[in-house]
Amino acid sequence: MWTKPWTFKEGFLIGGGLIFAGLALELSVGPVNWDSFAWPANGIVLVGFLAIIAILFLLRKRAYAFQFVSTYQAAIPALVYAVVLTIIMGLTRQLKDGTWLNNMLSFWPFVLIYVYMAVILGVIILRRLMHLSSWKRDVPFLLNHLGLFVALTTATLGNADMQRVKMIATVGEPEWRALTQQGAVKEMPIAIELKKFIMETYDNGSPKRFASEIQILTKTGKNIETTVDVNKPYEVDGWKIYQYGYDTQMGAESQISILELVSDPWLPLVYAGIYMMLAGAVCMFVIGGRRRA
């Protein structure tokens, strides 16, 4: 073992080492504090991360470990660990204030494995870019791998900048304040006034539909009247406004509407990565179809 060339055994040992290192960090410093990575810290981390990947690629011929990172003997074990941890996340209840398996996004072993996956992707992408040969093979490969890299890194680093607050809009009273998930009062860049609460019911009286006719005022001077329905949010100045609740005791006569406002500035980059992967899949399908024809 550890004799060149390294095999899957070394690949699984490296992944296992990262998991043990993550457990040690979890026990010593606690879960990952993503709030400390809010902008501009996450932007600085992203630049530094890209620089590290570039250095690993440039030094691959001087250090065998760096060269090993770009092999499938490293990638497949890392993928296995990532899949297992993701399955565990899907089978356990995830809580924002949970610990260990109940908050996998802040669980050090989970984070380190996904960082390792991103490093492997980055080095493989650079290696492929340096050895382009055929667009029929290279373009789908790069779209799939680069798309996954973009989606993975931006979704992780952008998590710190996502804001989710609740606002109680009242008839005839513009409201600028909202409550964060921690219960703190936050002044918003938009004000919302409830014009009319709408409720439709079934014959037995249970709610069939509820929505809110609202007026939105922004600090940029916008004055918008719109209707927010369940699963049909309205977006303004980077905020998505969702219908969340109402005064259940008043029912259709409710004079308030509880709205959820969500801001995720990194989401377009995540979508860009997903669209790149879809484009890569389409390219593979089209090229494969032409070959069979």
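Remember, predicted model here, so these are calculated numbers, not experimental data. Numbers here simply count residues along the sequence, with the first being 1.
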* What residue among I192, V165, L194 forms side-chain contact (heavy atoms from CB on, under 4.5 Å) with L259? -> I192
* To do: Could you verify whether a donor N or O on one side chain and an acceptor N or O on the other, from Q215 and N223, lie under 3.5 Å apart?
  => yes
* Determine whether L112 and F49 fall in the same hydrophobic cluster, where Ile, Leu, Val, Met, Phe, Trp and Tyr are linked whenever their side-chain heavy atoms lie under 4.5 Å apart. => yes
* **Heavy atoms from other residues, nucleotides or ligands near NZ of K9 exceed 12 (cutoff 6.0 Å)** => no
* To do: Nearest 0.5 Å please: distance from the CG atom of L121 over to the CD1 atom of I53.
  => 8.5 Å
* Asked: Judged by atom type as modelled, is there a donor-acceptor pair below 3.5 Å linking the side chain of D161 to the main-chain atoms of W39?
  -> yes
* Could you walk me through whether I224 and Y234 pass the side-chain contact (heavy atoms from CB on, under 4.5 Å) test, one step at a time? => CA-CA 10 Å; I224 303 164; Y234 185 83; 3.4 Å; yes
* To do: Verify the ring-centre separation between Y244 and F210: is it less than 6.0 angstrom?
  => no
* Any donor-acceptor pair under 3.5 Å linking the side chain of D138 with the backbone of L132? -> no
* Apply the test side-chain contact (heavy atoms from CB on, under 4.5 Å) to residues L23 and W100: give CA-CA distance (whole Å), side-chain angles for both, the deciding distance (0.1 Å), then the verdict. => CA-CA 9 Å; L23 290 173; W100 292 60; 3.5 Å; yes
* **Side-chain ion pair, R209 and E200, N-O less than 4.0 Å** => yes
* Asked: Going from CE on M277 to CZ on F149, what distance comes out if it is rounded to the nearest 0.5 angstrom?
  -> 13.0 Å
* Asked: Between F8 and Y72, does a side-chain contact (heavy atoms from CB on, under 4.5 Å) hold up when you go through it step by step?
  -> CA-CA 9 Å; F8 288 119; Y72 68 89; 3.6 Å; yes
* Are a donor atom and an acceptor atom from the side chains of T7 and E10 found within less than 3.5 Å of each other? -> yes
* Structure fact -> So CD1 of I124 and CZ of R128: to nearest 0.5 Å the spacing works out to 10.0 Å
* Ion pair R177/E187, N-O distance below 4.0 Å -> no
* Asked: Distance from D264 atom CG to Y271 atom OH, nearest 0.5 Å?
  -> 8.5 Å
* Do the side chains of I198 and E213 get nearer than 4.5 Å, heavy atoms only? -> yes
* Asked: Is it true that a side-chain atom of S106 and a backbone atom of N103 form a donor plus acceptor pair closer than 3.5 Å?
  -> no
* Joint cluster assignment, I44 & I52, ILVMFWY side-chain distance < 4.5 Å -> no
* Cluster overlap V115 with V47, hydrophobic side-chain contacts below 4.5 Å -> no
* Flag the pair Y64 / P5 as yes when at least one side-chain heavy-atom distance between them is below 4.5 Å, and no otherwise. => yes
* Is a side-chain donor or acceptor of W108 paired with a backbone partner of L18 at a separation under 3.5 angstrom? -> no
* Asked: Has the side chain of Q249 got a donor or acceptor atom that lies under 3.5 Å from a matching backbone atom of G251?
  -> no
* Taking atom CD of E253 as the centre, report whether more than 12 heavy atoms of other residues, nucleotides or ligands fall under 6.0 Å from it. => no
* **Check: I190 and I241 side chains under 4.5 Å, non-hydrogen atoms** => yes
* To do: Under the side-chain contact (heavy atoms from CB on, under 4.5 Å) rule, what do I214 and S257 come out as? Steps first, then yes or no, please.
  => CA-CA 9 Å; I214 59 175; S257 181; 5.9 Å; no
* Asked: Taking atom CD1 of I14 as the centre, does the number of heavy atoms from other residues, nucleotides or ligands within less than 6.0 Å exceed 12?
  -> yes
* Over 12 foreign heavy atoms within 6.0 Å of CG, N204 -> yes
* Asked: Are L46 and N42 side-chain neighbours, meaning at least one heavy-atom pair lies under 4.5 Å?
  -> no
* To do: State plainly whether one hydrophobic cluster holds both F12 and L85, where clusters connect Ile, Leu, Val, Met, Phe, Trp and Tyr through side-chain heavy atoms under 4.5 angstrom apart.
  => yes
* Any donor-acceptor pair under 3.5 Å from Y246 side chain to S212 backbone -> no
* From CE (M104) to CD1 (I88), nearest 0.5 Å -> 5.5 Å
* Asked: Atom CG in D237, atom OG1 in T220: separation rounded to 0.5 Å?
  -> 4.0 Å
* Asked: Going hydrophobic residue to hydrophobic residue with side-chain gaps under 4.5 angstrom, can you get from F141 over to L278?
  -> yes
* Using atom types as modelled and distance alone, determine if a side-chain donor or acceptor of S254 lies under 3.5 Å from a backbone N or O of M250. => no
* **Residues, nucleotides or ligands: over 12 heavy atoms within 6.0 Å of F20 CZ** => no
* Keeping the roles fixed (side chain from R60, backbone from F57), state whether a donor-acceptor pair exists under 3.5 Å. => yes
* Asked: Do any N or O atoms from the side chain of S206 and from the backbone of Y202 form a donor-acceptor pair under 3.5 angstrom?
  -> no
* Write down the atom of S36, the atom of A41, and the distance for their closest heavy-atom approach. => O-CB, 3.6 Å
* Taking the side chain from W34 and the backbone from L105, do they hold a donor-acceptor pair closer than 3.5 Å? -> yes
